> 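This is the structure I have questions about; it appears just below.
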Number of protein chains: 2
Amino acid sequence: MVEHSRSRPDALINLDRSVCYNRGMVAKLEKKPSPRQRLLAAADELFYNEGIHAVGIDRVIERAGVARGSLYYNFSGKDDLIKEYLLGRHASWTGRVDEQVAKANGPAEKILAVFDALGALFVEPSYRGCAFVNAIAEAPVDGPEIRAAAHFRSWLHELFGNLTAELPVHNPQELADQLVILYDGAVAGAQMDNSPKTAATAKTVASIIIGASLGRDLPELERLQLTAD
Amino acid sequence: MVEHSRSRPDALINLDRSVCYNRGMVAKLEKKPSPRQRLLAAADELFYNEGIHAVGIDRVIERAGVARGSLYYNFSGKDDLIKEYLLGRHASWTGRVDEQVAKANGPAEKILAVFDALGALFVEPSYRGCAFVNAIAEAPVDGPEIRAAAHFRSWLHELFGNLTAELPVHNPQELADQLVILYDGAVAGAQMDNSPKTAATAKTVASIIIGASLGRDLPELERLQLTAD
DNA sequence: ACTGATTTAGACTGACTTGTCTAAACACAG
DNA sequence: CTGTGTTTAGACAAGTCAGTCTAAATCAGT
């Protein structure tokens, strides 16, 4: 029985790390990625753009330029590939958000920075909605999408939960729930209406409810409300 | 042939085609629905619960208790069935929202009534997210889902656009955009987190931003903000 | 150069997909 | 009753699906 994909060094998202220049040709820095990496890249593109169910294995291996056997050597099957695809989306997006949040100063600004990250995402021409929302929409009840989506949602709630905990508000958890709704609404609206401006609109509402939660007596939030209008 | 698909729970469960104690005689009340109606009911249930792509027409005709040929006699193909399925979802939901809104008194209350309708929807055990968001997630670029979803989004924007136009606010269109985001966020969050309370949370935020748009000087909205906290 | 791990190309299975077609039965109106 | 429109059961085509398997080639480490 051919054994499956155990966690190998290039398994995760660091796609650029194993660019080994040890392959005879010294001048060529750009070595072709491993079949596993090419499969993940092809799956990411195809699954996200056309839907998981609509893309067959043959399309993935063709796009990756990889033999059929390599897929089943590196992954246990399509479900495994789906799982890794969603794990990659999770890691990629959380990294971008964390980076954007880290650059902001102050708890309220860090919250608003999340919506800036959304705005940068929405303007990308490849944007086609939240990969996890889309995956859940077509997922079977026992599919690998369920776990991955639950993992992602935990991250999202913890993100706003941690950020609102830094604010001197009466009920930070309630504020976090409200911000999650704004996040989800911006994500869904940007896809359904093909309008990236939902990020800015959600950010405006976010500044309003942050101000409302703070009782509107903090000068920094007063300014936020003004600039939002 | 003109019958449009109202999502009717009656034809969903009883598929027995041999309950013909009413053959040609009286008892027109309990007459079996037409094959077309049974096909639409079966498609509505299966497409919504398991995804359009994941459900084959064999599953639909089996659930409807209808011969294969009847499907292609009443519909031009699966795409036609998908189109009618989404048209039915559109009509059913807009009817429910209009009803709920009509019962409310006052422009602000009518807006908040939309979120009450969402709350009633989310607590239904069959709720599995917005049929149009789910359909778009797995739709091919030339699929019938695109048109249907665009039609639905137009309705949604007009709904809040018309409601906010009744309010004495400075920028009703901006408020409408914000309310759409709250609507979308409640819908997405209720599905992804399996928590119907997103409707109440979104309603709270809606009352806040309505109050903010009104300048917080209307007594009715002051009360809304208080009860929301 | 030897060895084991990995990749390749392709045949192949069995199940599933949408859609067409046939032949017969049924429904109902004139 | 007859004729037209509708439904039924099932076979059938042509394609796609995920997954297995073989046999040879190529890789990397020693």
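Protein chains get the first letters and strands the later ones, always in sequence-line order, with residue 1 at the start of each. Note that the structure is a prediction, hence the values are computed from the model and not measured.
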> Rounding to an integer number of Å, can you tell me how far B:His53 NE2 sits from D:dT16 P?
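So the NE2-P distance, B:His53 to D:dT16, works out to 12 Å.
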> Within this structure, what is the CG-to-P distance between B:Leu81 and C:dG19, rounded to whole angstrom?
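Value for this atom pair: 10 Å.
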> Want to settle it: does A:Gly69 or A:Val55 sit nearer the 5' end of DNA chain D, counting the closest nucleotide to each?
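Nearest nucleotide further toward 5': that of A:Val55.
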> Look at B:Tyr72 and C:dG19 and indicate whether a side-chain polar atom (N or O) is within less than 4.0 Å of OP1 or OP2.
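Checking B:Tyr72 against C:dG19: at least one side-chain N or O falls below 4.0 Å of OP1 or OP2.
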> If you only use heavy atoms from C-beta on, which nucleotide in C:dA9, D:dT8, D:dT7 is closest to the side chain of B:Asn74?
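Closest of the options to the side chain of B:Asn74: D:dT7.
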> Could you state the CG-P distance from B:Leu71 to D:dT8, rounded to the nearest angstrom?
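Going from B:Leu71 (CG) to D:dT8 (P), I get 11 Å.
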> Where the side chain of B:Ile57 is defined as all heavy atoms beyond and including C-beta, which of D:dA18, C:dA9, C:dG19 is the nearest nucleotide?
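Output: C:dG19.
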> To the nearest Å, how far apart are B:Glu62 CD and D:dG10 P?
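That distance rounds to 13 Å.
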> Rounding to a whole Å, what distance do you find between B:Lys78:NZ and C:dT17:P?
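Atom NZ in B:Lys78 sits about 8 Å away from atom P in C:dT17.
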> Rounding to an integer number of Å, can you tell me how far B:Phe75 CZ sits from D:dT7 C1'?
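Taking atom C1' of D:dT7 as the reference, CZ of B:Phe75 is at 14 Å.
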> Distance-only, no hydrogens or angles: does the A:Lys203 side chain make a donor-acceptor pair with backbone N or O of A:Phe115 under 3.5 Å?
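No: the side chain of A:Lys203 does not pair with the backbone of A:Phe115.
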> Could you check whether any side-chain heavy atom of A:Leu39 comes within less than 4.5 Å of a side-chain heavy atom of A:Phe75, counting everything from C-beta outward?
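A side-chain contact under 4.5 Å exists here.
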> Distance criterion of 3.5 Å, no angle test: do you see the side chain of A:Arg68 paired donor-to-acceptor with the base of D:dG19?
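Side chain to base: pair found, below 3.5 Å.
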> Relative to B:Phe132, does B:Arg89 satisfy both conditions: NZ or CZ under 6.0 angstrom from the six-membered ring centre, and within 45 degrees of the ring's axis?
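No, B:Arg89 does not sit over the ring of B:Phe132.
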> Whole-Å distance between C:dT8 P and A:Leu39 CG?
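Nearest whole value for this atom pair: 9 Å.
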> Quick check against the 3.5 Å criterion: does A:Arg128 have a side-chain atom that pairs as donor or acceptor with the backbone of A:Gln191?
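Not at all, since once roles are kept as given, no pair shorter than 3.5 Å links the two residues.
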> Between the side chains of B:Arg147 and B:Asp142, is the shortest nitrogen-to-carboxylate-oxygen separation below 4.0 Å, so that they form an ion pair?
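Salt bridge absent between B:Asp142 and B:Arg147.
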> Take atom CZ of A:Arg59 and atom C1' of D:dA18, then tell me their distance rounded to the nearest Å.
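Rounded to the whole Å, the gap is 15 Å.
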> Check every atom of D:dT7, C:dA5, C:dT8 against the side chain of A:Tyr73 and return the nucleotide holding the closest atom.
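Looking only at heavy atoms from C-beta outward on A:Tyr73, the closest nucleotide is C:dA5.
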> Looking only at the side chain of B:Asp58 (C-beta and beyond, no hydrogens), which of the listed nucleotides C:dT17, D:dT8, C:dT8 gets closest?
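Nearest nucleotide to the side chain: C:dT17.
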